[in-house]
Amino acid sequence: MSASAPAKVVTRFAPSPTGFLHIGGARTALFNFLFARHHGGEFHLRIEDTDRVRSTDEAIAAILDGMQWLGLDHDGEVIYQFSRAARHAEVANQLLAAGHAYRCFATAEELEAMRAEQRAQKRPLRYDGRWRDRTDWPQGQPFVIRLKAPQTGNVTINDQVQGPVTVANAELDDMVLLRSDGTPTYMLAVVVDDHDMGVTHIIRGDDHLNNAFRQLALIRAMGWPEPVYAHIPLIHGADGAKLSKRHGALGVDAYRDQFGMLPEALENYLLRLGWGHGDDEFITRAQAIEWFNLEGVGRSPSRFDMKKLESVNGHYLRTADDTRLTGLITPAIESTLGRKLSQVDSDLLQRSMPELKKRAIDINSLAASTLFYLRTRPINMDDAALRLLASAPQGLLSRARTALAAVTPWGVAGLEASARELADAESIKLGSIAQPLRAALTGAAQSPGIFDVMEALGRDESLGRIDDVIALTTISTTSA
RNA sequence: GGUCCCUUCGUCUAGCGGUCUAGGACGUCGCCCUUUCACGGCGAAAACACGGGUUCGAUUCCCGUAGGGAUCACCA
């Protein structure tokens with residue numbers, strides 16, 4: 001574009017509230033946000049709610065919620081496009097008065113017949129401009145206002161991602177600006193709003209690239225400054241097809257609630273999808289703002305990979321603050337347990353978090369992995385735990401219990417030393433003692449280091465759980 | 001079908017004419033660490049879609065072919 005950069009960069013994210021904030025929209029918002037912040041400019045949010053039938057308040061709430069969760073703070077007030085309908089109509093009439101637009105009285109049926117014929121003749125489908133130069137307007141008939149677009153020559157857009165893209169004006173038809181009911185079309189509304197909002201850089205999905213040419217014609221008809229365009233490729237599903245319900249086309253709230261993702265993980269993943277900075281994989285918000293540029297955005301669509309997202313999430317989980325994680329999982333834990341967590345419980349979680357978070361790939365699995373700490377005796381045993389206990393040498397647990405009970409102070413070092421000593425005495429491997437203990441203490445075959453578990457659980461609870469199992473096996477042995 | 005865009009390991013990408021026997025990450029496989037599972041460490045297999053040019057030299061530039069994508073509404 002022009003060599004002189006605009007004084008201030010202004011970007012916007014303009015979703016239509018017809019559904020949740022999906023993953024592609026979130027990335028578009030992120031790129032707009034980062035670009036604006038990088039240039040010390042402004043990032044605005046505009047809700048394109050001109051489709052009164054499909055727009056819902058729930059969708060608006062979901063978009064706002066999703067952006068807040070991701071920390072994509074916009075500047076200024078949220079603009080609702082519908083509220084600006086009068087202004088849009090004003091521009092359409094201005095264009096009409098200036099001879100850059102015209103009335104079209106073609107009916108829907110008439111246009112459909114026209115397209116059917118074009119299809120039959122295998123000609124491109126476009127409005128043929130039949131009312132472009134007519135002035136014999138029928139009285140009292142409804143009409144739309146169409147842009148009188150240039151018919152010869154070409155337009156080229158110097159897209160910051162796609163490069164220069166040229167299209168012949170003959171390929172573009174005269175788009176509808178104002179519907180017969182007087183409401184503006186999307187094409188009119190975006191252009192007017194972007195202009196009025198002072199948007200300098202339009203970063204959006206490349207499904208809008210074709211629209212850009214028509215919009216440019218409108219901008220030029222109004223004599224407005226032309227924005228810089230950057231059309232970013234869409235995100236596809238794992239199979240390469242367009243992202244749909246069955247892929248990952250869920251709302252970002254699903255990534256938070258259903259998949260237990262951390263916002264910084266989703267942000268990092270989305271940032272690296274279609275954009276790269278050398279070999280850097282983990283990028284902080286500050287680095288993203290410092291490094292983000294449009295040149296780094298790839299031109300081919302990228303596929304969504306849940307495995308990689310999980311991996312990124314695991315990384316952020318492992319480095320996340322323990323108090324924060326404890327807070328995040330508490331609601332889920334309380335709902336499964338059916339009780340409020342006490343301060344003692346929270347402290348226990350907090351202390352165990354460093355070990356727990358190394359094993360989690362998402363918030364939900366992290367929450368689930370804490371349950372055994374909080375359950376009240378006697379705790380449940382899963383099948384693997386039951387098998388471990390069944391295959392343990394006769395009386396081993398009792399002897400281990402006796403040895404452990406003698407440990408003072410109750411801590412990892414002493415407990416482990418005691419267990420090793422017993423293993424030596426019994427001429428078995430430490431694992432042969434650790435595994436039955438794990439089963440007894442956690443009810444599962446996998447857990448954090450068992451001595452860490454014992455320390456976290458405390459002496460009474462630990463020994464009590466072992467006692468529960470001893471009692472159980474004694475009964476079953478007796479009755480067998 | 002018209003128009004436009006794209007094409008490096010399975011996936012995300014690095015590469016912006018010689019540094020490429022093509023680098024990193026996820027995933028996969030193996031080994032190590034080890035009381036289990038993880039984490040961590042080490043290592044392996046794995047890609048320049050194809051065909052022409054341009055050039056002393058192409059993954060990098062150009063043109064075709066094939067494949068993929070986007071879009072063609074009084075929807076946004």
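Letters go in sequence order (proteins before strands), and every chain restarts at 1.
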Give V176(A) one of three labels, base, sugar-phosphate or nothing, depending on what nucleic acid heavy atoms sit under 4.0 Å from its own. sugar-phosphate

Measure from CG on L397(A) to C1' on rU35(B) and round the result to the nearest Å. 14 Å

Would you indicate what R123(A) reaches in the nucleic acid, counting non-hydrogen atoms under 4.0 angstrom: base, sugar-phosphate, or nothing? nothing

Does S302(A) reach a base, just sugar-phosphate, or nothing at all? Heavy atoms under 4.0 Å. sugar-phosphate

For H277(A), which contact category applies under a 4.0 Å heavy-atom criterion: base, sugar-phosphate, or nothing? nothing

The side-chain contact (heavy atoms from CB on, under 4.5 Å) partner of W137(A) among F143(A), Y102(A), W131(A) is W131(A)

Against the side chain of R115(A), the closest entry in rA73(B), rC26(B), rU71(B) is rA73(B)

Would you confirm whether Q162(A), through its side chain, and H231(A), through its main-chain N or O, come within 3.5 Å as a donor-acceptor pair? yes

By the 4.0 Å heavy-atom rule, please label F213(A) as base, sugar-phosphate, or nothing. nothing

Which value, rounded to the nearest 0.5 Å, describes the distance between F451(A) atom CZ and W410(A) atom CH2? 10.0 Å

With heavy atoms under 4.0 Å as the rule, sort D181(A) into base, sugar-phosphate or nothing. nothing

Determine the contact category for T50(A): base if any of its heavy atoms lies under 4.0 Å from a base atom, sugar-phosphate if only primed atoms, P, OP1 or OP2 are that close, otherwise nothing. sugar-phosphate

Derivation and outcome, salt bridge (Lys or Arg N to Asp or Glu O under 4.0 Å), residues E455(A) and R351(A): CA-CA 10 Å; E455(A) 181 179 296; R351(A) 267 182 286 126; over 6 Å; no

What nucleic acid atoms does P233(A) come within less than 4.0 Å of, heavy atoms only: base, sugar-phosphate, or nothing? nothing

Report yes or no: is there a donor-acceptor pair, N or O only, under 3.5 Å between the side chain of R272(A) and the base of rU13(B)? no

As its Watson-Crick or G-U partner within any shown strand, both distances under 3.5 Å, rC9(B) has none

Out of rA25(B), rC39(B), rC4(B), which has the shortest distance to the side chain of L209(A)? rC4(B)

Between rG40(B) and rA45(B), how far apart are the C1' atoms? Round to whole Å, please. 22 Å

Which of these nucleotides, rC74(B), rG69(B), rU35(B), is closest to any side-chain atom of H236(A)? rG69(B)

Could you tell me how far rC48(B) sits from rG10(B) if I compare only their P atoms? Round to whole Å. 9 Å

Checking rA76(B), rG69(B), rC26(B) against the side chain of P301(A) (C-beta onward), the nearest is rG69(B)

Give a yes or no on whether a donor-acceptor pair under 3.5 Å exists between the nucleobase atoms of rC5(B), that is its base, and the side chain of R299(A). no

If I take atom CG in residue D207(A) and atom P in nucleotide rC4(B), what distance separates them, rounded to the nearest angstrom? 18 Å

Any idea which of rC5(B), rA25(B), rC37(B) is nearest the V165(A) side chain? rC5(B)

Across all strands shown, which nucleotide pairs with rA44(B) by Watson-Crick or G-U wobble geometry, both distances under 3.5 Å? rU28(B)

Can you tell which of rA70(B), rA25(B), rG27(B) lies closest to the side chain of K307(A)? rG27(B)

State the pairing partner of rU36(B); accept Watson-Crick or G-U wobble contacts with both distances under 3.5 Å, and report none otherwise. none

If the cut-off is 4.0 Å, is R303(A) near the phosphate of rG10(B), judged by side-chain N/O to OP1 or OP2? no

Ignoring backbone atoms, test whether R318(A) places a side-chain nitrogen or oxygen under 4.0 Å from the OP1 or OP2 oxygen of rG40(B). yes

Rounded C1' spacing from rA76(B) to rC26(B) in Å: 35 Å

Does a donor on one side chain and an acceptor on the other come within less than 3.5 Å for D193(A) and H88(A)? yes

Spacing of the C1' atoms in rA46(B) and rU21(B) (rounded, Å): 15 Å

Within the 4.0 Å heavy-atom criterion, would you say A106(A) contacts the bases, only the backbone, or no part of the nucleic acid? base

Where the side chain of E416(A) is defined as all heavy atoms beyond and including C-beta, which of rC26(B), rU35(B), rA76(B) is the nearest nucleotide? rU35(B)

Classify G449(A) by what it touches in the nucleic acid, base, sugar-phosphate, or nothing, heavy-atom distance under 4.0 Å. base

Rounded to whole angstroms, how far apart are CG on D279(A) and P on rC9(B)? 17 Å

Can you list the residues that meet the side-chain hydrogen bond (donor to acceptor under 3.5 Å, both in side chains) rule with D196(A), with sequence neighbours excluded? R84(A), R87(A)

Paired with rA49(B) by Watson-Crick or G-U wobble geometry, both distances under 3.5 Å: which nucleotide is it? rU65(B)

Using purine N1 to pyrimidine N3 plus N6-O4 or O6-N4 for Watson-Crick, or N1-O2 and O6-N3 for G-U wobble, both under 3.5 Å, which nucleotide pairs with rG1(B)? rC72(B)

Without swapping roles, check the side chain of D174(A) against the backbone of A149(A) for a donor-acceptor pair under 3.5 Å. yes

Counting only side-chain heavy atoms from C-beta out, which of rA76(B), rC12(B), rA70(B) sits nearest to N210(A)? rA70(B)

Under 4.0 Å between any heavy atoms, over every strand shown, what does I450(A) touch: base, sugar-phosphate, or nothing? Just pick one. base

I283(A) CD1 - rA25(B) P separation (whole Å): 14 Å

How far, in whole Å, is rG23(B) from rG30(B) if one measures between their C1' atoms? 22 Å

Span that lies between the P atom of rA47(B) and that of rC42(B), in whole angstrom: 23 Å

Residues in ring pair (Phe, Tyr, Trp, His ring centres under 6.0 Å) with Y186(A), at least two apart? H208(A)

Out of rC4(B), rA76(B), rU36(B), which has the shortest distance to the side chain of Y186(A)? rA76(B)

Nearest-Å distance once atom P is located in both rC62(B) and rU7(B): 11 Å

May I ask you to say what L234(A) touches in the nucleic acid, namely base, sugar-phosphate or nothing, with a heavy-atom cut-off under 4.0 Å? sugar-phosphate

Just checking T183(A): base, sugar-phosphate only, or nothing, at a heavy-atom cut-off of under 4.0 Å? nothing

Would you indicate which nucleotide in rC26(B), rA76(B), rU35(B) comes nearest to any side-chain atom of R420(A)? rU35(B)

Separation of atom CG in N158(A) from atom P in rC5(B), rounded to whole Å: 13 Å

Base, sugar-phosphate alone, or nothing: which one does R214(A) contact when heavy atoms must sit under 4.0 Å apart? nothing

Any N or O donor-acceptor pair under 3.5 Å from the base of rC74(B) to the side chain of S180(A)? yes

When the C1' atoms of rG15(B) and rU8(B) are compared, how many Å lie between them, rounded to an integer? 9 Å

